[in-house]
Amino acid sequence: MFETLAAIVGLLAGVGGKLAYDKQRETSSKHSAEKAIARAQTKASEIILKAKDDALRIESERRREMQKVENRLADRELSLDRKLDELDKRSERLRKAEDELEGLKNDIRDIRLKQQEKLEKIAGLKKKDAAEKLMQMTERDIKEDLLGLVTKMQQDATDDAEERAQMVILSAMERMASEVTAERTVTAIKLADEEMKGRIIGKEGRNIQALQRATGVDIMVDDTPGMIVLSSFDPIRRQVARMALEMLMKDGRIHPGRIEEVVAKAEKQIEKEVIRAGEDAAREVGVTGIPKELLQLVGELKFRTSYGQNVLMHSTEMAHLAGLIAEEVGADVRVTKIATLLHDMGKAVSHKMEGKHHHIGAELARKAGLSEDICHAIEAHHDDIDATTPEAMVVRVCDALSAARPGARNISAENFVERMRDLENVAMGFKGIDKAFAISAGREVRVIVRPESIDDLSAIKLARDIATKIESTMQYPGTIKVNVIRETRAIEFAK
């Protein structure tokens, strides 16, 4: 019994101790939580205070920067205001100086007038009368001496001029000899086989028609076996057509679209060849300083003829002759060479501009800024203008020497070319015309019109008007066919 009581007491003591321990532990945990919460609150307060301090510091720095910017702007504004004030003051000073200068000029004019009036009053003569009297006295004193000197010089010149001129010209001609070349109005192209001829003609003649329309050249395929003949009075067109045909035959793709691309490419290549020909001619003659636009006109003369004579070869030959003669007679060699090289450049644009080629060439030279001596020598190489300088006389003599050699010129060919150009110019005189080509030796004029300017009914009337004008303004054998072509194309690209 005692043992049972002791066990119960021990059990109760153990339970009470555990309850006391649990209560003590709970109290300790509560105190720890409160301390952690207090520490967290303290740390949060510190972070908030630091953030506020940082915000205040950043705001303060921003305000200082803005204040600096405002100060710089204010300083710049003050500087600009000072500069504007200085400019105003300087303008005012300049205006006053100009007024003072104008006043001084007026005073000087008044003084000069008063001095002239006093001199005239003292001399009893007006300024003009005094000058005339002085000239009369001088002329009377030296007239006899001048007459004797002029007479002697004329006699000496008469005795020596003819013989010396013959020697100079013969010496230049002996030192300068060149071949005579006659240009024709046709170009022949050899074909690899007869099949190529059919491809060039195309289905229903579309390819050859596109070629003729793009180049303005009459293409004959049936006249000579194994050959294609290009006929045109304009050698540049023949050259473009020849180059385009060779490129097409080499490529093998021949159709209207490809033909237009190749013709455009051939035209660009011919343009480059023209520029190169002009530069080579100037280099061969030995002159520099000629503007590029004039050299291009000189290069175009490679494909121009005058009475069957190649104009570029004629000009370079003349330049060599002119240099030799100018050196002998004491003329300016450079001026003479440039004038002879450029003397016929007006022929490159004579079909576009009104007037004779030597007047056109001189005007182009003046616009390009060449000296008046060169321009006068170009303009005076024909007889309608008197040659007043030694260089102009040399150019005229060399032109006659180069053109007068046997076989140098073919008058019938020149007349033919002139008639072809007249035919094209008649057609181009109407509105709405894009291109005009005289083909088939002048038996046909092919006119290509702008479709937005000429409708179908107007095209019929235009053909009749052109034919009527040709009848009334030109003389020609046989009949001339006027072929007006109006073509509308719609082009778009798929991308």
Side-chain angles (χ1 to χ4, degrees), residues 234-237 267-268 270-306 309-323 326 331-399 402-403 417-418 421-422 424-425 428-429 433 435:
D234 191 332
I236 293 182
R237 296 180 192 167
E267 289 175 347
K268 292 181 180 179
I270 292 297
E271 184 178 355
K272 292 180 180 178
E273 186 175 346
V274 163
I275 296 173
R276 191 183 309 114
E279 294 174 348
D280 291 343
R283 193 179 304 111
E284 178 185 350
V285 173
V287 293
T288 58
I290 300 177
K292 290 185 178 180
E293 60 269 22
L294 299 187
L295 284 180
Q296 183 172 357
L297 294 176
V298 172
E300 289 186 16
L301 299 180
K302 179 180 179 180
F303 303 103
R304 300 286 176 183
T305 59
S306 177
Q309 187 180 28
N310 184 280
V311 181
L312 182 58
M313 291 184 64
H314 163 66
S315 299
T316 53
E317 177 190 58
M318 273 186 59
H320 289 300
L321 279 172
D332 190 318
V333 176
R334 182 178 181 275
V335 169
T336 307
K337 280 189 173 183
I338 293 177
T340 47
L341 183 63
L342 302 180
H343 80 287
D344 270 348
M345 68 177 175
K347 291 183 179 180
V349 293
S350 59
H351 59 292
K352 302 177 183 177
M353 301 174 63
E354 292 291 335
K356 297 181 179 179
H357 71 276
H358 49 290
H359 298 308
I360 296 173
E363 186 63 27
L364 292 172
R366 289 190 180 94
K367 290 181 179 179
L370 297 185
S371 66
E372 184 57 32
D373 290 340
I374 297 175
C375 299
H376 172 69
I378 294 172
E379 194 169 17
H381 78 270
H382 284 308
D383 295 332
D384 56 344
I385 291 181
D386 293 333
T388 59
T389 62
E391 292 80 13
M393 287 300 301
V394 172
V395 174
R396 181 177 292 187
V397 168
C398 292
D399 189 35
S402 177
V417 170
E418 191 66 28
R421 288 177 178 165
D422 289 342
E424 292 184 352
N425 291 335
M428 290 299 295
I433 306 297
K435 297 177 183 177

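- The heavy-atom pair separating R396 from A380 by the smallest distance is NH2-O, 2.8 Å.
- The heavy-atom pair separating L312 from A277 by the smallest distance is CD2-CB, 4.2 Å.
- At distances below 3.5 Å, at least one donor-acceptor pair connects side-chain atoms of K337 with backbone N or O atoms of V285.
- A donor-acceptor pair is defined here as one N or O able to donate and one able to accept, closer than 3.5 Å; no such pair exists between the side chain of E391 and the backbone of A377.
- E300 places none of its side-chain heavy atoms less than 4.5 Å from the side chain of V311.
- Remark: H381 pairs with H343, H357, H358 by the ring pair (Phe, Tyr, Trp, His ring centres under 6.0 Å) rule, at least two apart or across chains.
- For the side chain to side chain contact (heavy atoms under 4.5 Å, CB included) test with I338, the passing option among L341, T340, T336, L342 is L342; the others fail.
- M318 has its side chain within reach of H314: a pair of non-hydrogen atoms, C-beta onward, lies under 4.5 Å apart.
- Take E372 and apply the side chain to side chain contact (heavy atoms under 4.5 Å, CB included) test, not counting sequence neighbours, and it matches R366, C375, H376.
- A distance-only check finds a donor-acceptor pair linking the side chain of R334 to the backbone of T288 [under 3.5 Å].
- The two residues A326 and V394 come nearest to each other via the heavy atoms N-CG1, 4.4 Å.
- When the side chain to side chain donor-acceptor pair (under 3.5 Å) test is applied to R237, the partners found at least two apart in sequence or on another chain are E424.
- Atoms CD and SG, from E317 and C398 in turn, are 9.0 Å apart once rounded to the nearest 0.5 Å.
- Ion pairing between a basic and an acidic side chain is recognised when a charged N comes within 4.0 Å of a carboxylate O; K302 and E273 show such pairing.
- Summarising the geometry of G361 relative to I378, their closest heavy-atom pair is C-CG2, 3.9 Å, with the distance given to 0.1 Å.
- Heavy atoms only, all atoms of each residue included: S315 and L301 are closest at OG-CD1, 4.2 Å.
- Within the 4.5 Å cutoff, no side-chain heavy atoms of E379 are placed close to those of E363.
- No side-chain heavy atom of V298 sits under 4.5 Å from any side-chain heavy atom of I290.
- Put simply, the side chain of V335 does not reach to within 4.5 Å of the side chain of T389, judged on heavy atoms.
- Taking CG of L294 as the start and NZ of K367 as the end, the distance is 11.5 Å to the nearest 0.5 Å.
- Contact check for L364 versus L297: side-chain heavy atoms found under the 4.5 Å cut-off.
- A salt bridge links D280 to R283: at least one charged side-chain nitrogen sits closer than 4.0 Å to a carboxylate oxygen.
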